[in-house]
Each structure stands twice: as C-alpha cells, then as structure tokens.
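Working notes for the structure below.
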Amino acid sequence: MRIASLPQPAGTGCESGFRGVVCVSFDSADDTADHDAGGRPRHDLRFTSANPESLSELRSALLRSSVGIRLVLTGSPVDIHAAAAVAAECGLAEEEVTLVSDESGLRVVFCAHCRTRTETVEPIGSEVECQGCATDLEIANHFSRRQAAYLGFAANAEEAA
Amino acid sequence: MTMTALQPEVHHAVKDGLQLEVTDVTRQTESIVSITFADPSGAPLPSYVPGSHLVVQCGTGANAYSLTGSGTAPSEYTISVLQVADGAGGSLAMHRLAAGDLVYVSRPRSAFAPAATARHFLLVAAGIGITPVLSHARACAEWGIAADLIYVHRPGAGAHVTEAKELLGSAVTECSDRVSFQKTLAEKLTTQPLGTHLYVCGPVAFMDAVLDQAREHGWPSARLHSEAFGAAELDAGEPFTVNLARSGVKLNVPAGVSLLETLEQAGKAIPNMCRKGICGECSLSVLRGKPQHRDLYLSDQEKAENTTMMCCVSRSLDEELELDL
C-alpha cells in the first residue's frame, strides 16, 4: 500500500502490467479526475463517506474484479482507511492499493476496553473520551489497517488510582 | 527389513531428523515412482505445511523431495521421484528402494507455503513439478478453498492425474503441448478472482515464463510463488581469489571449478546438499567484495546486500572475495 499526499500524475501506484484501475473518492470533489489510467479501463466510484452502504458497494465492485486491477482511494484518512480495510478483506495486496489522503479530517480511535470506535480530530498522543465507556483514552501511535483505526487505551493507567 | 540398508554415516542435512521405514513403492509412470515412509513403530509423524519437502539420505548423498500429502496429522510421508538418467545418481538409488528398507530423512521443511490470506489458488505444474502442487491441492480440498490447476505433462507421462481430478474435479486442465498451455494460462491469468495466489513448480525456464506472463497481466510479486527443482546450466565463470579471513588462507578458484569444490579440496567441511544453488545449505558470510550471485535461494534484496553467498554456484565479480571462514 503506498500513501501519496497529493494526486500524482500518470498511473500512481500502478507499475506496468496492471489491467485496470478502480478509483474511489470520498467527498473530495474531483481528486482522482487527473489520475491517468494509462489507457487501461477505469472504473470510478464516488461516495460522500465510508458508510456501510458505500463500503458494501465497493465490496461488490471488487468481488466482480479479477487479479490485475489496482485501487486508488482518495479522501479523508478515516474514509480511505475504512475502504482499504474492505479492499484487504476482498484479497487485494498492499502493493495493489494507493491511498491519496487529504491529511485533514477525522481519525477513528478503537477503545481497547469496550471496542467502541470514537471519531476525533485530536492528534496522536493526546486524549479523547471514549463514546462507549467514557474512559479517557490515550491515542496510541499504533494504527490497525484491519480495523482502520488507532488504538486507544486508558490514559495514565499505570498510575495508582 | 535389514539394518544393512542403513548408512553408517548420517548426512548432516538429515541430522536430528527421523529414521523411517519404506512401507510402499508404487509406480506412477514409466519414470516416476511414489515412495511412502512411516515410523517403524507406527507412531504419528510431525505435521507439515502444504508445499513442504523432505530431505532423504540415499547412499552417501541426500536429496530434497516434495511431500505430496496435505500435511495434516500424517501417519506417513509420501514423495514421488522422477528417475533422472544423467543426474548425480540420487534418483536411481531412490528407485531401488523397496518396502522394509530403513532410511534417514529430515523433518519436513517449508519453503513453498500457502499464503494465509489467499482466497483462491491458481496452481501450475509441469512434469514432476506436480508433487508440491498436489500437496496444495489436497490442502485446498481439505479446507474448502477453491483452486484451479493447470498441469503440463507429456501424453501418458502425467503422475497423480487421477488424484488431482478427485481433489479438484473440473478445475484441473491438462495440457500436453505449448499452444494449448499458452491459451489456458492466458485465460486463467485474466479471470482469477481478487485474492488469488499463483503457485508454480517445474523447470526453471518454465517457471520464469509463467511468472513473466503473470506480471505482464498485472500480477504483483506478492501473489507469485515458485519452487525450483532444477537449475539451469551455468557457465564456467571467471577465475577469482578467496581470502579466508579467520584461517588466514588464500585460495584460487579457477574457471569451471566452483568455490565449494575449491574449499573442499583445501580441506574445509562446508555443509551442502543440492550443489545447484537451490537448497541454501552452503551459505557463506562475505566480509569484502561483490559476489556474482547465481543461486535461486537468496532473495533479490539479500543478493543486493552482498553479505551472504551460496558457494556451490556463486562466484565473484571482484578479483578477490574475503570470507568469514
């Protein structure tokens, strides 16, 4: 999986031989518009966010595809990481997926205690209150590609109560 | 069963291995026999990963053979051996084994393991290359994972065809000529569902052609897996000098003589097995100089690091190599 901060010219992330590109953009007007598929077939999907409906549409598009395609995901980190998790579940290899992140927006924190996912704009290393169990979570540097979320655990847990 | 079948000296490649009894020898084709081994006491054998191989000592030599089972809780190990008329003699000795003979074998070694994330398998075998692929086919059938198999063999010379068809049914395509194989391969490479991994075993030139074609059809290397059993003929190479740092000895390696042979002639005992750059046994640490890597064992990255070399086939790009020996 390669991460590009800006859309790149001519066949981003697509070494020679690929047979088609699926370009998915989340709420980002036209970020993949100039993504050059190099004359290969290109399939565009545009969603407002990575919700169950859009992810399910992405999943069925991928399950109809054959080995040889590449996937380009554009949008906020939350949306493209959720879509990348679906891609991995569908069997796409990391080197077949390119993430183009706008580096703004939310991140998801996965609570190690109650497994609730909390969205936040707070940076890594800071604290956020879990929406599930109200624990003050420290946002760890550990990112799970499968969960598409950062690990959160009880802040100051090692201090005596 | 006679104890005289045992070799007095245990080959280093099968040390800490198992001593098994031949329980069955079945002729597959004119030149291929399947040999089954079991523990003389009937004890269960160690499980193995699909695609694993076994090193079998036969005479003073030892050779690696793919296990054809799925590897789940085996009570016996089965290999298939192709008789190679112009080989080093290992296959001829193997073909002389009979039920009741005792042999030393290694524990199973895995170098062609299935990807845990694979959702589908495209298996491609040529000739005796069917053996590790059959192991994968069995594992797929056991785990309920779909697999396609393309099996290239000469008419009437295909070993394990019936078993492969029992396991995979109509997903087996047999090819006996280049044109039908090319057509089948191109069709399969462009229609595999996402998450398919390709496993190919056969002669080196055959595998290279299959892997090149897969890459042309957009398969990234993470999806490509191959297992060599025959190395291409290598040229004699340029002469060079090795400096053995720990022994303080300098040796000349003439053209046409391998580094391994040179070291052996100088009285150095270097662990080795296949002597073809496949098994990885004769690896040496390089302290200085650029080896000319000609093996199939090291990855491209390991080769680029120039700190390890396989002395059975690899030589030197520099006039002198310094080895940690």
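Proteins get letters first, then strands, A, B, ... in listed order; numbering begins at 1 in each.
- Atom OH of B:Y297 is surrounded by 12 or fewer heavy atoms from other residues, nucleotides or ligands within 6.0 Å.
- Residue contact with chain A, scored on non-hydrogen atoms closer than 4.5 Å, is absent for B:L122.
- When each of A:L71, A:L63, A:L92 is checked for a side-chain contact (heavy atoms from CB on, under 4.5 Å) with B:L194, only A:L92 meets the rule.
- Across every non-hydrogen atom of B:R223 and A:A93, the tightest pair is NH2-N, 3.3 Å.
- Under a 3.5 Å cut-off, the side chain of A:R19 and the backbone N or O of B:H217 do form a donor-acceptor pair.
- Residues forming a ring pair (Phe, Tyr, Trp, His ring centres under 6.0 Å) with B:H53 (at least two apart in sequence, or on another chain): none.
- Within 6.0 Å of CG in B:D300 there are 12 or fewer heavy atoms belonging to other residues, nucleotides or ligands.
- Nearest heavy atom pair, residue B:R119 against residue A:E89, reads NH1-O, 2.7 Å.
- In terms of heavy-atom pairs under 4.5 angstrom with chain A, the leader among B:T191, B:T190, B:T196 is B:T190.
- The 12-atom threshold is exceeded at CG of B:D212, counting heavy atoms of other residues, nucleotides or ligands nearer than 6.0 Å.
- Contact check for A:E95 versus B:S221: side-chain heavy atoms found under the 4.5 Å cut-off.
- Expressed to the nearest 0.5 Å, how far OG of A:S66 lies from NE2 of B:H120 amounts to 10.5 Å.
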